[in-house]
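See below for the structure under consideration.
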Amino acid sequence: MYLADRSAPAPEGAKTAPDGRSVRAPAVASTVLALGTVSMITDISSEMVTAVLPLYLIAGLGLSPLGFGALDGVYNGVSALVQLTGGHLADRVRNHKLIAGIGYGLSALCKPLLLFAHSLGPISVILTLERTGKGLRTAPRDALISLSTPPELQGRAFGVHRAMDTTGALLGPLAAFLILSLTVDGYDAVFGVSACVAVLGVVVLMLFVPSGGDPSPTPSAAAAKAASAKATAVTARDADRPAPVRLRDALGLLRLPRLRNLAVCAVLLGLTTVSDAFVYLLLQRRTGIGDQWFPLMPLGTAAVFLLLAVPAGALADRIGRRTVFLTGHALLLAGYALLLWAPAWPVLPFLVLALHGMFYAATDGVLPAAVAATVPGELRATGMALVGTGQALARFGCSLAFGAAWTLWGTGPALAAAAAGLLCCAAVAGFVLRPAAPQDTR
């Protein structure tokens, strides 16, 4: 993707060809496109499993909503805890691709094991290991994206990556639906094909993703000052080598007010973000959609996410990431309201899934872009892991609480409580993230 306005003056940092002509830098770095391809392939594999897992566990194995809530929480909570390890290791060894590759490889190894697990215990262990791989790779991957992208294009870069990732989320449930329709032992066939696709993703990572990116400068003076404070003194002999990253430096990131505010808001909003699987189960029960159509529900969310991820990221770069991020949660709240109070219109599933996809388009790539603008380059993966871990642990808690509320009170009161909490937390986040200066709106 290239900017094509030839009449405009060369932007700052533009490259110059040997004949003196300015050459436009790509709007999206090749590293972003390569990582997007890896994520797309991996997401096809993961979403094939995710699309059938709620139905397989509840309808096939007889798991209760409370039990599924606990398992879903563990499924997401484990990756959250491991994110800190992955982010810190990537910064410490200064090889983001290596740590990301270990994570992708571990997830790929777990997929064929699902073929041999037919009870809750083994499935829980395998899913925990698979989420460990996801946790290891997330922060190093996002750090590679941010370090290869200029600060003013961070939202667009993450939007492009998330759009490619979501293409996999779109194709995965479709593949699961087709396999279930065409095979006798449908679930085992889904797990087997998922394993093969996961291996392909690891191969693409090894062959086409470079080992690192050039750290991009942070746009604010505060971030530059923080980067200077984090640097460790080195000898004259090693002056040209980067200082080692220590655990104390990583923990010290929470002293940055802007990063701390982002982490607090991500946690608050995560505590009221109902798991995707629960949204689809609620929608099925509300509208009476047949079990055979259940794996297609994530397609609605993924299709809207795919269409809007890049425009939402570019809009966040222009008008401010805070505004777009909070708008996304307002759209999620509207989806909860429809599930609670809207009549059972035939169009209801499409409206809810559209709002669900718009929520992800406005938040999933915008949050890491905002984090990247506040963290120095040498601690980029660690900073992203801190915020991502807080958000994922909060969603873990939400899954447990929502599953318990569903079991004890029913779906209506449980969702009403989540909606009320989301409204309150969004108001608090809007206050905490209010701009203190014009540059802070981004």
Side-chain angles (χ1 to χ4, degrees), residues 31-32 34-36 38-39 41-43 45-46 73-111 125-148 158 161-162 165 198 201-202 204-206 209-213 215 230 242 244-254 259 262-263 266-267 270 364-365 367-369 371-372 374-396:
T31 298
V32 177
L35 285 169
V38 174
S39 293
I41 296 171
T42 302
D43 234 36
S45 171
S46 297
V74 171
Y75 188 67
N76 293 291
V78 169
S79 64
L81 291 173
V82 180
Q83 272 194 60
L84 286 173
T85 302
H88 179 65
L89 283 176
D91 286 334
R92 189 173 184 85
V93 304
R94 302 194 182 278
N95 192 332
H96 298 89
K97 177 182 175 180
L98 173 63
I99 304 302
I102 293 173
Y104 279 110
L106 180 59
S107 294
L109 286 174
C110 290
K111 298 292 171 47
V125 173
I126 293 169
L127 293 180
T128 298
L129 291 174
E130 198 276 336
R131 291 293 95 178
T132 299
K134 179 177 174 60
L136 282 175
R137 70 181 184 248
T138 298
R141 179 203 65 199
D142 285 350
L144 279 170
I145 294 171
S146 68
L147 291 173
S148 61
F158 278 102
H161 174 268
R162 289 336 190 233
D165 181 84
V202 177
V204 173
L205 174 77
M206 295 171 58
V209 175
S211 295
K230 295 297 175 186
V245 174
R246 299 170 299 179
L247 184 59
R248 184 174 60 184
D249 298 328
L251 296 177
L253 283 173
L254 290 176
L259 181 66
L262 284 169
V267 168
D364 197 58
L367 180 60
V371 173
T374 67
V375 181
E378 67 271 15
L379 291 169
R380 187 67 51 85
T382 304
M384 290 183 165
L386 284 172
V387 176
T389 295
Q391 183 184 56
L393 285 177
R395 290 181 176 178
F396 166 77

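Keep in mind the model is a prediction, meaning the values are calculated, not measured.
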From CG (Leu35) to CG (Leu205), nearest 0.5 Å: 7.0 Å
Check: Thr389 side chain, Leu386 main-chain N or O, donor-acceptor pair, under 3.5 Å: no
Contact check, side chains of Ser46 and Lys111, non-hydrogen atoms, under 4.5 Å: yes
Test item: Ile41 and Val202 side chains (from C-beta on) under 4.5 Å apart, heavy atoms: no
Heavy-atom check, side chain of Leu136 versus side chain of Ser107, under 4.5 Å: no
Taking every non-hydrogen atom, the tightest pair across Gln391 and Leu367: NE2-CD2, 3.6 Å
Separation between CG of Leu109 and OH of Tyr104, rounded to the nearest 0.5 Å: 15.0 Å
Least distance between heavy atoms, Thr31 atom then Pro210 atom: OG1-CG, 3.2 Å
Approximate separation, where rounding is to 0.5 Å, of Arg380 CZ and Leu144 CG: 11.0 Å
Pairwise distance CG(Leu129) to NZ(Lys134) - rounded to 0.5 angstrom: 15.5 Å
Result of checking Lys97, His96, His161 against Arg141 for side-chain contact (heavy atoms from CB on, under 4.5 Å): His161
Validation row: Met384, Gln83 side chains within 4.5 angstrom (heavy atoms): no
Exercise: identify the closest heavy-atom pair between Asp142 and Pro368: OD2-CB, 4.3 Å
Distance, nearest 0.5 Å, that separates OG1 of Thr85 from NE2 of His88: 9.0 Å
Shortest non-hydrogen separation from Val38 to Gly201 and the atoms involved: CG1-O, 3.7 Å
Nearest heavy-atom neighbours spanning Leu259 and Val387: CD1-CG2, 3.6 Å
Nearest non-hydrogen partners of Ala139 and Ala381, listed with the distance: CB-O, 3.4 Å
Any side-chain donor near an acceptor of the partner, Arg137 and Thr42, under 3.5 Å: no
Between CG on residue Leu253 and CG on residue Leu379, distance to nearest 0.5 Å: 5.0 Å
N-O pairing of Asp43 and Arg162 below 4.0 Å: no
